[in-house]
Amino acid sequence: MNPGTSGGRGCMNRQSKHQLARAATTARLRRMGLEVREVSRTAGYDLLVGGGVRIALRIAYPGRYAHTVTVGGKRYAYDYRSWNFNFHRHGRWDKHYCDVFVCIAKRRRAADEVFVIPATAISGPTFSLHGAGKPYRGRYAIYRNRWSVIAQMRPETVETSRPVAQAS
């Protein structure tokens, strides 16, 4: 049985998937020359960059999005592939517990699609990508692969009234 698989069937559990994304994101940020530390799972975010920029990872695998439309008395049902990200924590999304969200849509098009979104740009509790035929052009499209958001953010520009957890 491979490590990180469940019952030898090749299915990874949620924690293993998150840990792989955490390791890949850490490696990416370090290649950019940034200091990265992992923090305790109870911190509410995943990585601490440059001593004060808090990064929360959100990983989504394709799910189904059912949609029905009634036109001229006829009902039409559509099923779309959908990737959904929750920005809220325990039902609260207006309380900022991180500075940047790294949203990874697994297998969205030919490969994973990554959005690096500052918490200040978040306008609601969730972010959904529907279908994989066309590129996403919505509110967060400008943050696609925008790793520079993290590189340009400095700990001194992050709101200091929010606690920073100790690295583990």
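This chain uses plain numbering: 1 for the first residue, then up along the sequence.
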Spacing of I122 atom CD1 and I117 atom CD1 [to the nearest 0.5 Å]: 4.5 Å
Donor-acceptor pair, side chain of D46 and main chain of A56, under 3.5 angstrom: no
Approximate separation, where rounding is to 0.5 Å, of L129 CG and R81 CZ: 11.5 Å
Check: R54 main-chain N/O paired with D99 side-chain donor or acceptor under 3.5 Å: yes
Sequence-distant partners of R137, side-chain contact (heavy atoms from CB on, under 4.5 Å), two or more places apart: none
Full working for ring-ring contact (aromatic ring centres under 6.0 Å, His included) between Y45 and Y97: CA-CA 7 Å; Y45 55 97; Y97 52 88; 8.2 Å; no
Minimum-distance pair of heavy atoms, taken over all atoms of G51 and R37: CA-NH2, 4.1 Å
Atom pair OG/CZ of S16 and R22 - distance to nearest 0.5 Å: 12.5 Å
For L34, the option from T26, L29, L47 that meets side-chain contact (heavy atoms from CB on, under 4.5 Å): L29
Y143 side-chain N/O to W147 backbone N/O, donor-acceptor pair under 3.5 Å: no
Ring geometry between F127 and F85 (parallel below 30°, tilted from 30 to 60°, perpendicular above 60°): parallel
Inter-residue atom distance L57.CG - K17.NZ, 0.5 Å rounding: 15.0 Å
Sequence neighbours excluded - salt bridge (Lys or Arg N to Asp or Glu O under 4.0 Å) pairs with any residue from residues 111-131: K106-D112, R108-E113, E113-R144
Donor-acceptor contact present, side-chain R146 to main-chain F115, <3.5 Å: no
